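Residues: numbered from 1 along the sequence shown. Just so you know, these numbers come straight off a predicted model, no measurement behind them.
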Amino acid sequence: MELVKAAPMGAILTFVVALAIGSQGSRGGQLAIYRAELYQYDVWWSWPLFFTATALAWGIMLLQR
């Protein structure tokens, strides 16, 4: 159940970090930040950062048990 709750937290953290790094023109090296277009909006995203942020949130939630 914690993994289900950790996924939105990972998405929020990914969006904030990718927006801060990607909007400055950087790709973030190993983070592989790219600009994705959703309908008419540009969204900065990184799959490696999402998986890392989700794992971090999941670990924190497991520690709080």
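- Residues forming a side chain to side chain contact (heavy atoms under 4.5 Å, CB included) with Ala20 (at least two apart in sequence, or on another chain): none.
- Tyr34 has its side chain within reach of Trp45: a pair of non-hydrogen atoms, C-beta onward, lies under 4.5 Å apart.
- Taking Phe51 as the reference, Trp47 meet the ring pair (Phe, Tyr, Trp, His ring centres under 6.0 Å) condition, with sequence neighbours excluded.
- The shortest non-hydrogen separation linking Phe50 to Ala7 is CE1-O, 3.6 Å.
- Counting heavy atoms of neighbouring residues, nucleotides and ligands inside a 6.0 Å radius, atom CH2 of Trp58 does not exceed 12 of them.
- Applying the salt bridge (charged side-chain N to carboxylate O under 4.0 Å, His left out) test to every pair with at least one member in residues 4-28, sequence neighbours left out, gives no pairs at all.
- Counting only distance, with no hydrogens or angles, the side chain of Ser26 and the backbone of Ile21 share no donor-acceptor pair below 3.5 Å.
- Interatomic distance, OG of Ser23 versus CG of Asp42, reported as 11.5 Å (0.5 Å rounding).
- Scanning all heavy atoms of the two residues, the minimum distance from Thr52 to Pro48 falls at OG1-O, 2.8 Å.
- Applying the salt bridge (charged side-chain N to carboxylate O under 4.0 Å, His left out) test to every pair with at least one member in residues 10-20, sequence neighbours left out, gives no pairs at all.
- Crowding of Glu37 atom CD: a count of heavy atoms from other residues, nucleotides or ligands under 6.0 Å exceeding 12.
- Going from atom CD of Gln24 over to atom CD1 of Ile33 covers 11.0 Å, rounded to the nearest 0.5 Å.
- Grouped with Leu56 in one hydrophobic cluster are Ile60, the linkage being side-chain heavy-atom contacts under 4.5 Å among Ile, Leu, Val, Met, Phe, Trp and Tyr residues.
- Here Leu13 pairs with Val17, Ala53 under the side chain to side chain contact (heavy atoms under 4.5 Å, CB included) rule; sequence neighbours left out.
- Within 6.0 Å of CE on Met61 lie more than 12 heavy atoms contributed by other residues, nucleotides or ligands.
- Put simply, CG on Leu19 and CZ on Arg35 are 13.0 Å apart, with the number rounded to the nearest 0.5 Å.
- At least one side-chain heavy atom of Thr54 sits under 4.5 Å from a side-chain heavy atom of Leu3.
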